[in-house]
Student: 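Got a structure here, written out as structure tokens. Questions coming.
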Amino acid sequence: MKIKYLIIAALFFLQNCGYTSIYNNLENTQYKINLIEIKGDDPLIENFIASKINNISKKDSKNIINLKISNNVKREILLKNKKNEITDYLIKLQIKFEIKNDKNLNKLFEFNDKIKIENISDQFELEKYQGEIVKNFIDLKINEFILKISTL
């Protein structure tokens, strides 16, 4: 009988352990984000960034953030085999968020990453795979940026 009460008490206390998702704050962000400028090498990436930022931005919020974004994606040859064929690439990703406010509060958030990928014989598939890597990187870094500005 005591074991039943002990199990019920343990379940009651463990149920409310205080766990919350890290990205829970993303849904509660109350910022209107004005995109002043987006710089980058690829217009498709710029459109992807703009759509992600517009989805996060709350149009009726009084907290306004003026934002400049620049991104850079480079693919470099990492390894070649004995036949001088490319076997591995190194993709260098960079995205910078610069907040420009009226109060002379300018902040810069910079995110960098390097990813090694193997060469694919089909060039179209390689470009598609690289595009997915870039989109995932940008999506993660936008979420990280929103988390950082929510703590300011």
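Note that this is a predicted model, so its numbers are computed, not measured. Position 1 is the first residue of the sequence; numbering continues from there.
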Student: Distance check, rounded to the nearest 0.5 Å: Leu93 atom CG versus Ile45 atom CD1?
Tutor: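 The distance works out to 8.5 Å.
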Student: Any heavy-atom pair between the side chains of Lys39 and Ile69 that's under 4.5 Å?
Tutor: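 No, too far: nothing below the 4.5 Å cut-off.
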Student: Could you go step by step and tell me if Ile142 and Leu140 meet the side chain to side chain contact (heavy atoms under 4.5 Å, CB included) rule?
Tutor: CA-CA 6 Å; Ile142 287 174; Leu140 284 171; over 6 Å; no
Student: If you apply the rule side chain to side chain contact (heavy atoms under 4.5 Å, CB included), what do you find for Lys80 with Thr87, and how did you get there?
Tutor: CA-CA 5 Å; Lys80 290 185 176 185; Thr87 58; 5.7 Å; no
Student: Side-chain contact, heavy-atom cut-off 4.5 Å: Asn71 with Ile49?
Tutor: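 Contact flag for Asn71/Ile49 side chains = yes.
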Student: Tell me, which pairs form a salt bridge (charged side-chain N to carboxylate O under 4.0 Å, His left out) where one or both residues lie in residues 128-142, sequence neighbours left out?
Tutor: Lys52-Asp139, Lys141-Glu144
Student: Among Lys96, Glu46, Glu110, find the residue that satisfies the side-chain contact (heavy atoms from CB on, under 4.5 Å) test when tested with Ser70.
Tutor: Lys96
Student: Show every salt bridge (charged side-chain N to carboxylate O under 4.0 Å, His left out) that has at least one partner inside residues 62-79, sequence neighbours left out.
Tutor: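 Listed once each, the pairs are Glu37-Lys68, Arg75-Glu127, Glu76-Lys92.
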Student: Heavy atoms, side chains only, cut-off 4.5 Å: are Phe48 and Ile138 in contact?
Tutor: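 Side-chain contact under 4.5 Å: yes.
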Student: Rounded to the nearest 0.5 Å, what separation is found between the CD atom of Gln94 and the CG atom of Asn72?
Tutor: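 That separation rounds to 5.5 Å.
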Student: Please test Tyr89 against Ile86 for side chain to side chain contact (heavy atoms under 4.5 Å, CB included), starting from the C-alpha separation and ending with a verdict.
Tutor: CA-CA 8 Å; Tyr89 288 103; Ile86 300 169; 3.5 Å; yes
Student: Taking the side chain as every heavy atom from C-beta outward, state whether Ile65 and Asn34 have any pair of such atoms under 4.5 Å apart.
Tutor: no
Student: Please evaluate residues Asp88 and Asn119 with respect to the criterion side chain to side chain contact (heavy atoms under 4.5 Å, CB included), reporting the C-alpha separation (whole Å), side-chain torsions for both, the decisive distance (0.1 Å), and the verdict.
Tutor: CA-CA 5 Å; Asp88 292 334; Asn119 191 15; 6.0 Å; no
Student: In the hydrophobic clustering that connects Ile, Leu, Val, Met, Phe, Trp and Tyr at side-chain heavy-atom distances below 4.5 Å, which members other than Leu78 occupy its cluster, ordered by chain and number?
Tutor: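 Leu79, Leu90, listed by chain and number.
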Student: When you look at CZ of Phe111, are more than 12 heavy atoms from neighbouring residues, nucleotides or ligands closer to it than 6.0 Å?
Tutor: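 Enclosed: over 12 neighbouring heavy atoms sit under 6.0 Å from CZ of Phe111.
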Student: Quick one, Asn54 and Ile33 - any side-chain contact, counting heavy atoms below 4.5 Å?
Tutor: no
Student: Under 4.5 Å between side-chain heavy atoms, hopping through other hydrophobics if needed: is there a path connecting Ile36 to Ile53?
Tutor: no
Student: Identify the two heavy atoms, one from Val73 and one from Asp41, that lie closest to each other, and give their separation to 0.1 Å.
Tutor: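 What the structure gives for the nearest pair is O-OD2, 3.7 Å.
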Student: Do you know which two heavy atoms are closest between Ala50 and Leu35, and how far apart they sit?
Tutor: CA-CD1, 3.8 Å
Student: Hey, is the main chain of Ile120 close enough, under 3.5 Å, to the side chain of Tyr129 for a donor-acceptor pair?
Tutor: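 Such a contact is absent between Tyr129 side chain and Ile120 backbone.
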Student: Work out which heavy atom in Leu108 is nearest to a heavy atom in Glu98; give both atom names and the distance.
Tutor: CD1-CB, 4.0 Å
Student: Please check this pair: side chain of Ser61 against backbone of Lys58, looking for a donor-acceptor N/O pair closer than 3.5 Å.
Tutor: no
Student: Would you say Ile99 and Phe109 make side-chain contact, with heavy atoms under 4.5 Å?
Tutor: yes
Student: Are Tyr31 and Ile56 side-chain neighbours, meaning at least one heavy-atom pair lies under 4.5 Å?
Tutor: no
Student: Quick one: sort the Phe97 and Phe145 rings into parallel, tilted or perpendicular, breaks at 30° and 60°.
Tutor: parallel
Student: Can you establish whether the number of heavy atoms outside Lys59 located under 6.0 Å from its atom NZ is more than 12?
Tutor: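 Counting neighbours around NZ of Lys59, more than 12 heavy atoms of other residues, nucleotides or ligands fall under 6.0 Å, so yes.
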Student: Under a single-linkage definition using a 4.5 Å side-chain heavy-atom cutoff for Ile, Leu, Val, Met, Phe, Trp and Tyr, are Ile95 and Leu44 assigned to the same hydrophobic cluster?
Tutor: no
